[in-house]
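The residues of the chain are indexed from 1 along the displayed sequence. Since the model is a prediction, treat every value here as computed from it, not as a measurement. Order of appearance sets the numbers: ligands from 1, and atoms from 1 within every ligand.
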Amino acid sequence: MSFDVDAVRADFPILARQVHGRPLIYLDNGASAQKPRCVIEAITRAYEGEYANVHRGLHYLSNLATENYERVRAIIARFLNAPHEDEVIFTSGSTEALNMVSYGWAAPNLQPGDEILLSVLEHHANIVPWHFLRERQGVVLNWVEPEPDGSLPPEKVLAAITPRTRMIAVTHMSNVTGTVVDIAGIRAGTDLPLVVDGSQAAVHMPVDLSKLGADFYCITGHKLYGPSGSGAIWVRRERQAEMRPFLGGGDMIRTVARDAVTYNDGPLRFEAGTPGIVNQIGLGVALEYLMDLGMENIAAHERALRDYARDRLRSLNWLQVQGDAADKGAIFSMTMEGAHAHDISTILDKKGIAVRAGTHCAMPLMAHLGVPASARASFAMYNTQAEVDALIEGLTFCRELFA
Ligand SMILES: *Cc1c(COP(=O)(O)O)cnc(C)c1O
């Protein structure tokens, strides 16, 4: 199978633009990815000719919009190889998804003194909802740290389990170090409920939920080349049955009376109010686009980019990269003595290179690594070796300015 990066680039209109008079080199995919023409056109088509509210039936456009919207559930199930389509709950992204697990599953099922095991690699979206439970109902947060190379061996996670551990929450891929966590390896050693943040991993590698062993797995559409405000969480049927609704309102109910309510069945009972109809339709198109390209092909292209970038970055002996696990994703968080991360990103920006600077919504990890801030170059399927070369040139220019 081949992967034609030039053909893929031609599908993304924004990649043809210039920034500060230079061709755009977009290396901030960890924050959000650009959108292919097919997604942009699908959004326009939905609004121009096929728009109405969903699940309200009884007229042509509402039925059409409902059909276009509901078919995305099956696309997401196929993309993640989920055992059952009704295990897919639409959300506005990973943040809403993880809050849904905290309010909907953990809050009613955990007692004061019960423990949640978290990895230090987590994004704030997979930390703060658990802090709510600590603050409000006396749940205890325990932490497991990565190895010096950024990896998180399953044995280390399993060794941190105590008799009071009730749940494990862990990322599938770190948005700072690119660390890939062996979820199946964790599952092999425990039956505890396992909440997995797939926000990064699902973008860069094939995910097979029938084999992974997660109980909850979230994705966020805007990192998957889809619209912002789209996403989903897959919840294993048995866990879904243990969940109570997190948001109340229209659509999630069957009947409402003055003194009682009954809820809808399946995923609809967790989807209150008018959803991001067109956003989800756009996400469906983005996932079909990815499946057409083939996640294996995308992963192979990005592995080659990662290896090339890693070799070239290693040759810069004045640059530090956080996390160097062999199988990491193509994400490089960098620091340079004498230059602040914000200065690096500002100078790179003047050369048309977009990277992110700061703490990357991962303050516990940054504290663990002992770096106040880093400049992060995060690659996607449309990036090229020539763009790695431009990054190296830009970093070398920074070094010359600050040395
Ligand atoms: C981006 C990201 C999130 C949060 O996703 P939102 O789209 O902001 O809801 C959570 N976890 C990881 C690892 C991420 O990269």
Side-chain angles (χ1 to χ4, degrees), residues 26-35 39 76 80 89-104 118-132 146 150-152 168-183 194-205 207 212 214 216-234 246-247 270 275-276 279-280 282-283 286-287 302 322-323 325 328-333 354-366 368-369 374 376-380:
Y26 188 76
L27 302 180
D28 195 18
N29 299 284
S32 204
Q34 301 298 346
K35 319 305 170 198
V39 169
I76 293 171
L80 297 173
I89 302 168
F90 290 140
T91 69
S92 62
S94 291
T95 301
E96 185 190 348
L98 293 162
N99 276 276
M100 185 186 291
V101 182
S102 174
Y103 284 92
L118 300 175
S119 97
V120 171
L121 294 172
E122 301 315 305
H123 185 284
H124 294 164
N126 202 18
I127 297 175
V128 182
W130 315 120
H131 268 301
F132 288 168
S151 64
L152 185 68
I168 300 172
V170 69
T171 190
H172 199 183
M173 182 187 284
S174 161
N175 65 309
V176 177
T177 57
T179 302
V180 176
V181 178
D182 175 5
I183 303 298
L194 192 50
V195 180
V196 180
D197 178 357
S199 307
Q200 295 290 340
V203 183
H204 304 293
M205 56 199 250
V207 173
L212 199 66
F216 304 86
Y217 193 95
C218 66
I219 58 172
T220 184
H222 70 98
K223 294 185 186 168
L224 282 159
Y225 312 98
S228 54
S230 67
I233 183 159
W234 170 83
F246 152 50
L247 291 174
F270 305 105
N279 293 342
Q280 298 294 9
L283 173 59
L287 297 183
E302 292 188 13
Q322 275 75 44
K328 65 177 262 173
I331 298 176
F332 299 91
S333 291
V355 301
R356 176 164 175 189
T359 52
H360 316 295
C361 296
M363 286 185 180
L365 176 57
M366 299 299 280
H368 170 76
L369 294 169
S374 66
R376 180 187 68 182
S378 49
F379 290 82

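A distance-only check finds no donor-acceptor pair linking the side chain of Gln200 to the backbone of His172 [under 3.5 Å]. With hydrogens and angles disregarded, no donor-acceptor distance shorter than 3.5 Å links the side chain of Thr220 to the backbone of Lys223. Gln34 contributes no side-chain N or O that, together with a main-chain N or O of Tyr225, makes up a donor-acceptor pair within less than 3.5 Å.
Between Glu96 and ligand 1, a contact under 3.5 Å exists for no N or O pair. At under 3.5 Å, a nitrogen or oxygen of Asp197, whether backbone or side chain, sits near a nitrogen or oxygen of ligand 1.
Which parts of ligand 1 touch Gln200 is read off a 4.0 Å heavy-atom cut-off, strictly below it: atoms 13 (C), 14 (C), 15 (O). Close contacts between ligand 1 and Ser94 involve ligand atoms 4 (C), 5 (O), 9 (O) [criterion: under 4.0 Å to a heavy atom]. Per-residue contacts place His222 under 4.0 angstrom from the following atoms of ligand 1 (heavy atoms of the residue considered): 6 (P), 7 (O).
Summary of contacts: the protein heavy atom closest to atom 8 (O) of ligand 1 is Thr95 OG1, 3.5 Å. From the protein, the heavy atom lying nearest to atom 4 (C) of ligand 1 is His123 CE1, 3.7 Å. In this structure, atom 14 (C) of ligand 1 lies nearest to the protein heavy atom Lys223 NZ, 2.9 Å.
Evaluated for a side chain to side chain contact (heavy atoms under 4.5 Å, CB included) with Ile76, the options Ile233, Leu287, Leu224, Ile89 yield exactly one hit, Leu287.
Going from atom CG of Asp197 over to atom OH of Tyr217 covers 8.0 Å, rounded to the nearest 0.5 Å.
Residues satisfying the side-chain hydrogen bond (donor to acceptor under 3.5 Å, both in side chains) test with Ser32, not counting sequence neighbours, are His222.
Across Ser199, Ser378, Ala97, heavy-atom proximity to atom 10 (C) of ligand 1 is greatest for Ser199.
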For residues 354-363, please give each side-chain donor-acceptor pair under 3.5 Å, one per line with the distance, not counting sequence neighbours.
from: His360; atom 1: NE2; to: Gly358; atom 2: O; distance (Å): 3.2
from: His360; atom 1: NE2; to: Ser374; atom 2: O; distance (Å): 3.2
from: His360; atom 1: NE2; to: Ser374; atom 2: OG; distance (Å): 2.9

